[in-house]
Amino acid sequence: QFQARLDGVVALDPLLFTAITRITGPFSIRGWSVAIDEFNARRILLAKLYRHFDGQHKRQNRYLERLAVAAMNRLENMSPAELVSVMSWGVPRQHLRFFMREEDEQRVLRQVGAAGFTGGPANAQLIYDNEWSGSKISFFIKRRITILANVMLSGDVRVKTSITLKNEVGARAVNSNAVRPVDRNLAPGTSDMTLHLLLPTRAQAIQVVGGSHSVASHRAIEKRHPMMWIPVTLARGETRTVFVSYTIPQRPQPERGLDF
């Protein structure tokens, strides 16, 4: 996408601005006259920003791009003591994560708990979702995940994961600017998401079922992990459950000669 070799990635969320502005002072970014400081960063970046740029998504994205660049510039120009102060607040709370291409550098980040996910254990399973309606309705989606793993007599492990999603947006919030979908074809309070799963590297015989019928899913490979994403639309008050099952086969035992 960038037509360049990236040395690394820094991931930060809106709450990190609380720590940054505490040290460096407020942000004043072109595109909106409001100043972001340690006292209002949470409220502005998680709520007021979406009301201010309601229906102006290109302007909103340009503003956020300038804000991200300004944040990176401040992080790069901090003294060691200031950077440690920000990291000591942001890293344990998972508001700041790093990924470096060079393994020696990434190893140091893992030692201090600041490394982003880069593949993890072979038997890892990750579940997350992306909201495509352009709203913040994900805040009102209640998620319940149950994972059952059965060890078979053959040594294979059969894993079944159930993911229940319930849209609990209330009457008061359904018409708010933050929850209103950008897609005018969607009814107010509707969630239009994709459910993503990253499965263990040796997962086989993968099945996806919703209720009593198969569910459309898209599949790919991410660092040897099977990955899938499933479109899910949830009207206000609706509940849906998706079941994902797969088998992790027993590792083949190496052949051994007879001992005399």
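When a residue number appears, it is its place in the shown sequence, counting from 1.
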If we count only N and O atoms by modelled type, under 3.5 Å, do the side chains of W132 and T194 hold a donor and an acceptor together? yes

Item to check | Side-chain heavy-atom pair P249, R202 within 4.5 angstrom cut-off | outcome: yes

Does any non-hydrogen side-chain atom of I23 lie less than 4.5 Å from one of E38? no

The reported gap from CG in D13 to CZ in R93 (rounded to nearest 0.5 angstrom) is 11.5 Å

- Item | Heavy-atom side-chain proximity of I141 to K166 below 4.5 angstrom | no

With side chain to side chain donor-acceptor pair (under 3.5 Å) as the criterion, how do S191 and E131 come out once you've worked through the C-alpha distance, each side chain's angles and the decisive distance to 0.1 Å? CA-CA 7 Å; S191 170; E131 179 61 47; 2.6 Å; yes

For the backbone of W229 and the side chain of H196, can you confirm whether one donor and one acceptor N or O come within less than 3.5 Å of each other?
no

| said: Check D37 with R22, please: is the shortest side-chain N to carboxylate O separation under 4.0 Å? | reply: no

Between H95 and L16 the two heavy atoms that sit nearest each other are O-CB, 4.0 Å

Separation between CD1 (I44) and CD1 (I36), nearest 0.5 Å, reads 5.5 Å

(Q) When you compare the side chain of I163 with that of T241, does any pair of heavy atoms fall below 4.5 Å? (A) no

**Request:** State whether F27 and R74 meet the cation-pi test: NZ (Lys) or CZ (Arg) under 6.0 Å from the six-membered ring centroid, and within 45° of the perpendicular axis.
**Result:** yes

- Message: Assess, by modelled atom type and distance only, whether the side chains of S245 and R158 contain a donor and an acceptor separated by less than 3.5 Å.
- Response: yes

* hydrophobic_cluster_shared for V169 and V232, side chain cutoff 4.5 Å -> no

Next on the checklist: Quick one, L126 with L199, criterion side chain to side chain contact (heavy atoms under 4.5 Å, CB included). Give me CA distance, side-chain angles, the key distance, then yes/no.
Outcome noted: CA-CA 7 Å; L126 296 182; L199 304 180; over 6 Å; no

**4.5 Å side-chain heavy-atom contact, Q207 and V244** = no

Rounding to 0.5 Å, atoms CH2 (W32) and NZ (K48) come to a distance of 7.5 Å

Interatomic distance, CD1@I20 vs CE@M72, rounded to 0.5 Å, equals 9.0 Å

With heavy-atom distances below 4.5 Å as the criterion, would you say the side chains of V9 and F98 are in contact?
no

Distance col, row N73:CG vs E76:CD, nearest 0.5 angstrom, shows 6.0 Å

Contacts of R144 meeting salt bridge (charged side-chain N to carboxylate O under 4.0 Å, His left out) (sequence neighbours excluded), chain-then-number -> none

* To do: Could you go through the side chain to side chain contact (heavy atoms under 4.5 Å, CB included) check for R143 and T164 one step at a time?
  => CA-CA 6 Å; R143 302 158 179 84; T164 299; over 6 Å; no

Please test E103 against R110 for salt bridge (charged side-chain N to carboxylate O under 4.0 Å, His left out), starting from the C-alpha separation and ending with a verdict. CA-CA 10 Å; E103 179 55 31; R110 283 196 292 268; 2.2 Å; yes

Are any non-hydrogen side-chain atoms of L12 and F17 less than 4.5 angstrom apart?
-> yes

Of V157, D156, N150, V159, the one forming a side-chain contact (heavy atoms from CB on, under 4.5 Å) with T247 is D156

For S28 and A35 the tightest heavy-atom approach is OG-CB, 3.9 Å

| said: Does M152, at its CE atom, have more than 12 non-hydrogen atoms belonging to other residues, nucleotides or ligands within less than 6.0 Å? | reply: no

Worksheet item: Would K58 and N61 satisfy side chain to side chain contact (heavy atoms under 4.5 Å, CB included), going step by step from the backbone distance to the final call?
Response: CA-CA 5 Å; K58 290 185 178 180; N61 289 341; 5.9 Å; no

I29 and R66 have their tightest heavy-atom pair at CG2-CB, 3.6 Å

Value for OG1 (T233) from CG (L165), rounded to nearest 0.5 Å, stands at 11.5 Å

Scanning both residues in full, the closest heavy-atom pair of N175 with P188 reads OD1-CB, 3.9 Å

| query | Does I145 share a hydrophobic cluster with I206, counting links as ILVMFWY side-chain heavy atoms below 4.5 Å and allowing steps through other members? | reply | yes

Exam field: side chain E82 to backbone S79, donor-acceptor pair closer than 3.5 Å | yes

Side-chain (T190) to main-chain (L186) donor-acceptor, under 3.5 angstrom:
no

* Answer yes or no: is there a side-chain heavy-atom contact under 4.5 Å between R240 and L234? => yes

Here the pair of heavy atoms bringing M87 nearest to A114 is CE-CB, 4.2 Å

Checklist entry - Out of curiosity, does V86 fall in the hydrophobic cluster containing L67 (side-chain heavy atoms, cut-off under 4.5 Å, transitive links)? => result yes

Next on the checklist: Would you say F39 ends up clustered with L15 if hydrophobic residues are merged whenever their side chains have heavy atoms under 4.5 Å apart, either directly or through other cluster members?
Outcome noted: no

Check: Does a sphere of radius 6.0 Å around CG in D7 hold more than 12 heavy atoms from other residues, nucleotides or ligands, not counting ones at 6.0 Å or beyond?
Finding: no

| Just checking, any donor-acceptor pair under 3.5 angstrom between side chains of T161 and Q125? | yes

Between Q106 and A115 the two heavy atoms that sit nearest each other are NE2-CB, 3.4 Å

If you count every heavy atom of other residues, nucleotides or ligands that lies below 6.0 Å from R219 atom CZ, does the total exceed 12? yes

Cluster question for you: counting only ILVMFWY and a side-chain heavy-atom cut-off of under 4.5 Å, with indirect links fine, are L49 and V34 together? yes

- Full working for side chain to side chain contact (heavy atoms under 4.5 Å, CB included) between N130 and M193: CA-CA 5 Å; N130 276 334; M193 70 168 69; over 6 Å; no

- request: Apply the test side chain to side chain donor-acceptor pair (under 3.5 Å) to residues Q56 and Y63: give CA-CA distance (whole Å), side-chain angles for both, the deciding distance (0.1 Å), then the verdict.
  value: CA-CA 11 Å; Q56 305 175 68; Y63 176 83; over 6 Å; no

